[in-house]
Amino acid sequence: ALSMTCGAADEAAVRIGYSKLRISLPVFVAQENGYFRAEGLRVELVGYDTAQPMMSDLVTSRLDAAGYCAFPITFSAQAQTNTRLNYLTLLYEDSKHPISILIVRRDAKPISRLRDLKGTTIGILPTVAYRAWLIEAMRKEGVAENEFSIVNIDPNLSSTALQSKQVTALFSNDPAITAAKRETGAKDPFGDSLTTRYLENPFPFGSFNVREAFASTHPETTQRVARALDKAIEFIRTNPQKAKLMMRPYILPSFQKDVENYPDIAFKLTKDFSNDELRSIANQYTTWHIIKQLPDLSNSVYHLP
């Protein structure tokens with residue numbers, strides 16, 4: 001895991017996990033623009049190829065905070081370990097800000113709807129979130145879970161999986177999607193996010209989390225983290241292209257040339273995300289049968305005092 005530290009010894013220390021994906025952009029911007037440092041934080045950043053192992057480390061106290069992570073992964077990890085988390089800011093998808101894209105092999109037959117992939121093998125970013133979203137989107141198209149195959153594809157192996165014909169389609173996010181399109185000529189048949197097209201638009205993707213035990217024992221440190229992330233989100237809104245370039249040091253070298261071609265990404269500030277919204281997101285996941293057991297989410301959304 002890539003680990004980066006900033007600041008001096010007398011500052012507030014915090015260990016933050018990030019996924020080496022475009023979804024963690026506010027963390028990269030806060031580090032690169034010095035927002036963590038300006039808040040007097042001594043941040044140790046720990047990188048993960050995907051968000052699922054990162055969330056496991058957060059709920060088992062190996063990290064103080066982590067982000068960004070898709071809601072199904074976070075809810076499942078909390079329910080399994082009975083860990084309370086605070087939710088800071090909201091990452092969402094809409095037609096102008098797609099994240100979860102399905103691409104189809106260049107030599108595959110053209111598809112106009114998701115159900116055209118019945119009987120095929122679809123690769124996914126290896127997380128419970130992408131599996132759950134794909135199954136639910138297929139169900140809405142009248143395709144049962146046993147009528148197609150899902151295989152986990154590590155982001156670094158996305159192009160290989162398409163080129164070797166291991167999969168007909170890939171459902172993932174950046175950096176894998178843009179690189180696979182460039183390297184293999186794979187097509188995006190829908191031209192937008194699969195989740196916003198089939199599940200909900202706008203689609204609430206995930207959040208940044210702090211362990212509640214850490215937040216209650218380090219209230220000032222948590223406030224500083226929240227302020228730094230909010231500043232980063234404001235910067236992303238006003239300087240989307242500059243923000244994308246700040247991703248480079250945090251993703252694999254093979255992906256770095258694509259960063260300026262990624263779609264813009266959208267977040268809600270800490271103050272604009274509410275407990276009611278989180279509860280409604282969680283309830284939607286139970287309606288979809290994606291989450292069987294919800295964790296205790298009462299008063300979990302963090303607001304600056």
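None of the values given here were measured: they were computed from a predicted structure. Counting begins at 1 with the first residue of the sequence.
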Do [X] and [Y] meet the criterion of a side-chain donor-acceptor pair at a distance under 3.5 Å?
X	Y	value
Asp296	Ser298	yes
Tyr68	Thr89	yes
Tyr250	Glu32	yes
Thr50	Thr127	no
Ser100	Tyr130	yes
Glu93	Thr195	yes
Thr196	Asp192	no

Can you tell if the side chain of [X] reaches within under 4.5 Å of the side chain of [Y], non-hydrogen atoms only?
X	Y	answer
Arg22	Ile99	yes
Ile122	Leu134	yes
Asp230	Arg227	no

Identify whether the distance between the nearest side-chain nitrogen and carboxylate oxygen of [X] and [Y] falls below 4.0 Å.
X	Y	result
Lys244	Asp264	yes
Arg279	Asp276	yes
Asp49	Lys20	yes
Asp107	Lys165	yes
Lys118	Glu141	no

[X] [atom1] to [Y] [atom2] distance, which is reported to the nearest 0.5 Å:
X	Y	atom1	atom2	answer
Gln166	Ser158	CD	OG	10.5 Å
Tyr285	Ser280	OH	OG	11.0 Å
Glu136	Ile290	CD	CD1	5.5 Å
Asn299	Tyr87	CG	OH	13.0 Å
Thr74	Leu58	OG1	CG	8.5 Å

Any side-chain to backbone donor/acceptor pair from [X] onto [Y]? Under 3.5 Å, distance only.
X	Y	answer
Thr178	Asp174	no
Ser207	Leu88	yes
Ser149	Thr121	no
Glu147	Ala144	yes
Asn209	Ala65	no
Glu39	Ala228	no
Gln241	Glu260	yes

Option from Ile101, Leu199, Leu114 for which side-chain contact (heavy atoms from CB on, under 4.5 Å) with Leu194 holds: Leu114

is_close_aromatic(Trp133, Tyr198), centroid dist under 6.0 Å: no

Within one Ile-Leu-Val-Met-Phe-Trp-Tyr cluster: Leu45 and Ile236, side-chain cutoff 4.5 Å: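 Yes, Leu45 connects to Ile236 through the hydrophobic network.
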
Co-membership, hydrophobic cluster, residues Ile251 and Ile177, 4.5 Å side-chain: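 As far as the 4.5 Å side-chain criterion goes, Ile177 and Ile251 are not connected within one cluster.
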
Side chain to side chain contact (heavy atoms under 4.5 Å, CB included) evaluation trace for Met246 with Asn33: CA-CA 9 Å; Met246 293 179 183; Asn33 275 351; 3.0 Å; yes

Side chain to side chain contact (heavy atoms under 4.5 Å, CB included) between Leu91 and Phe208, intermediate numbers included: CA-CA 8 Å; Leu91 165 60; Phe208 181 95; over 6 Å; no

Residues Leu125, Arg131; criterion side chain to side chain contact (heavy atoms under 4.5 Å, CB included); working and verdict: CA-CA 8 Å; Leu125 187 74; Arg131 175 175 292 273; over 6 Å; no

CA sep, side-chain torsions, deciding dist, call: Ile150, Phe148, side chain to side chain contact (heavy atoms under 4.5 Å, CB included): CA-CA 7 Å; Ile150 298 177; Phe148 65 105; 3.5 Å; yes

Parallel, tilted or perpendicular, as decided by the 30° and 60° cut-offs, for the rings of His218 and Phe214: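 Phe214 and His218: parallel rings.
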
Aromatic plane relationship, Phe203 with Trp288 - under 30° parallel, 30 to 60° tilted, over 60° perpendicular: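 Judged by the thresholds at 30° and 60°, the geometry between Trp288 and Phe203 is parallel.
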
